[in-house]
Amino acid sequence: MEERLNSFQIGLKLLDRAAEKLKLDPGLHKKLRYPKRQLIVSIPVKMDDGSLEVFTGYRVQHNVDRGPAKGGIRYHPTVTLDEIKALAMAMTWKCAVVGIPYGGAKGGVKCNPKEMSLGEIERLTRRYTYEISVIIGPEKDIPAPDVYTDSQTMSWMMDTYSMAQGFTVPGVVTGKPLALGGTRGRKDATSWGVVFVIQQAIQHLGLNLKGATIAVQGYGAAGAGIVRILGEKGARIIAVSDSRGGIYNGKGLDPTKLAEYKSRTGSVKEYERGEAVSNEELLELKCDVLVPAALENQITEENVERIKAKIIAEAANGPTTPGADEILAKNKIFVIPDILANAGGVTVSYFEWMQDLQSHFWTEEEVNAQLEKVMVKGFQDVLKVSREERVDMRTAAYMLAVSRVAEATRLRGIYP
Ligand code: NAD
């Protein structure tokens, strides 16, 4: 039986392993195990029926030694402080591994937005923003959308923060609509980022993207974009799935028809040009590239020996458990770890913030060209560490990220 660790314990384990391999100074290592700040706020909200509800919200900044903190805000009934701490720490490594000048943060409110009206969500968002405004700001900590928050949530956050300042501050959040200083190319940023690193991995392993077989678990915002772009590049999408189930066709599924079907029926499950496949079966298909793009803990010690993909590109956060990871490495399956593979989203968020600070906006082509440069460099930097240190790609990504952050801390010294 695999040891059940919570997400923060898993995060610490990954950090500890990288620190050990790096022979990191014990003091620096200890500092990185603790978040810099953890703010817990109570959020009173007048509900539509006249009652008063009090929600709990969090904002955690893990590290700011390389620049302002950056990370999304999620609204979900299962939000816990430990989960937010883990996600904040992962953001520190994600920004460091692709070399963008941010530290890591994450926020969340324990609530069920599916049972709330738009007005209730707006009031919740505004009061939450007010409560965390003591620690956020364009030079301090820049939130973004995450689970069940979107560009409308970001618009309310930006407006609330700006009202208190007395002037408009677009750079306080990213993921805004274009009309409020959002960036072009944000919608598909994560998908493009995943595709850029898949291209690198394919080249590295001497494969060919044209005709390469691809299975994608999770046909959502990230997954659907990956399917579309890889399809346009001539790859063969053999299977996709969503929460209701999946579909398989060894000859290839048509991404355009699949997208139409999904928007018409709400699921890919009964798409007629393929056979049904369960989410578990999809993971075990023979393919060149497997893309988990749904939930955490999908590849476990229970199913890992049955995984036949050559490359796993982790679009989702934390899809592989630590126990499974060791076996993937032993079986020589090439894993592009989450902190590298899905860094396209935060990279384009960084571009949005830069554009806001300069009040100068880029074309979508400029955004994608800059994104490709960042992702290719991130991949090559990690590959270099992996070769030099003879470690798998995840260990290499953590070693690179931790060493970059530790170097910044060492140079700055410990205050006072
Ligand atoms: P989303 O909610 O748009 O899509 C998730 C998809 O997964 C949906 O199609 C859903 O039906 C499906 N799904 C849910 N349960 C499933 C199950 N048991 N088996 C198979 N599919 C299931 O979310 P998203 O934004 O695409 O995010 C997906 C993953 O990518 C998450 O782990 C997220 O943290 C990560 N991620 C997303 C972004 C981004 O910009 N969207 C950035 C970084 C990381």
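Ligands are counted one by one from 1 in listed order, and the atoms in each one are counted from 1 as well.
- Regarding atom 21 (N) of ligand 1, its nearest protein heavy-atom neighbour is Asp242 C, 3.3 Å.
- At least one side-chain heavy atom of Leu290 sits less than 4.5 Å from a side-chain heavy atom of Leu282.
- Between Asp141 and Arg59 a salt bridge is recorded (basic side-chain N to carboxylate O distance below 4.0 Å).
- Considering only non-hydrogen protein atoms, atom 18 (N) of ligand 1 sits nearest to Leu295 CD1, 3.4 Å.
- Contacts between Asn279 and ligand 1 below 4.0 angstrom, taking non-hydrogen atoms only, involve the side chain exclusively.
- Any N or O atom pair closer than 3.5 Å counts here, and Tyr219 shares at least one such pair with ligand 1.
- For atom 2 (O) of ligand 1, the protein comes within 4.0 Å by no heavy atom at all.
- Tested against Asp65, the residues Lys36, Lys31, Arg404 include a single salt bridge (charged side-chain N to carboxylate O under 4.0 Å, His left out) partner, Lys31.
- Ligand 1 lies less than 4.0 angstrom from a heavy atom belonging to Ala222.
- Residue Thr190 has at least one N or O atom closer than 3.5 Å to an N or O atom of ligand 1.
- Less than 4.0 angstrom separates some heavy atom of Ala315 from each of these atoms of ligand 1: 30 (O), 35 (C), 36 (N), 44 (C).
- Using a 4.0 Å cut-off between heavy atoms, Ala293 contacts ligand 1 through its backbone alone, with no side-chain atom that close.
- Within 4.0 Å of atom 27 (O) of ligand 1, not a single protein heavy atom is present.
- Of the protein's heavy atoms, Ala294 O, 3.5 Å lies nearest to atom 31 (C) of ligand 1.
- The environment of Phe361 atom CZ is dense: over 12 non-hydrogen atoms of other residues, nucleotides or ligands sit within 6.0 angstrom.
- Using a cutoff of 4.0 Å between basic side-chain nitrogens and carboxylate oxygens, Glu232 and Arg228 are scored as salt-bridged.
- Residues Tyr34 and His62 place their aromatic rings such that the two centres sit no closer than 6.0 Å.
- Inter-residue side-chain proximity for Asp288 and Ile311 is flagged as unmet; no heavy-atom pair is nearer than 4.5 Å.
- Looking at Lys308, its side chain does come within 3.5 Å of a backbone N or O of Arg306 through a donor-acceptor pair.
- Nearest-heavy-atom check against atom 22 (C) of ligand 1 across Ala316, Ser243, Gly223 picks out Ser243.
- If you look at Glu296 next to ligand 1, there are no close heavy atoms at all, none under 4.0 Å.
- Taking atom 25 (O) of ligand 1 as the reference point, the nearest protein heavy-atom neighbour is Ala221 CB, 3.7 Å.
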Throw together a table of side-chain donor-acceptor distances under 3.5 angstrom for residues 94-106, partners on residues two or more places apart or in other chains.
residue : atom : partner : partner atom : Å
Lys94   : NZ   : Asn317  : OD1          : 3.2
Lys94   : NZ   : Asn342  : OD1          : 2.7
Lys106  : NZ   : Asp146  : OD1          : 3.2

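- Ala18 pairs by the side-chain contact (heavy atoms from CB on, under 4.5 Å) definition with Tyr398, Met399, Val402, not counting sequence neighbours.
- Closest protein heavy atom to atom 33 (C) of ligand 1: Asn317 ND2, 4.1 Å.
- Residue contacts with ligand 1: Gly220 is placed with a nitrogen or oxygen under 3.5 Å of a nitrogen or oxygen of the ligand (distance criterion only).
- Among the atoms of Lys262, none of the N or O lies under 3.5 angstrom from an N or O of ligand 1.
- A salt bridge between Arg74 and Glu83 is present, with a side-chain N of the basic residue lying under 4.0 Å from a carboxylate O of the acidic one.
- Looking at ligand 1, you won't find any N or O of Lys94 less than 3.5 Å from one of its N or O atoms.
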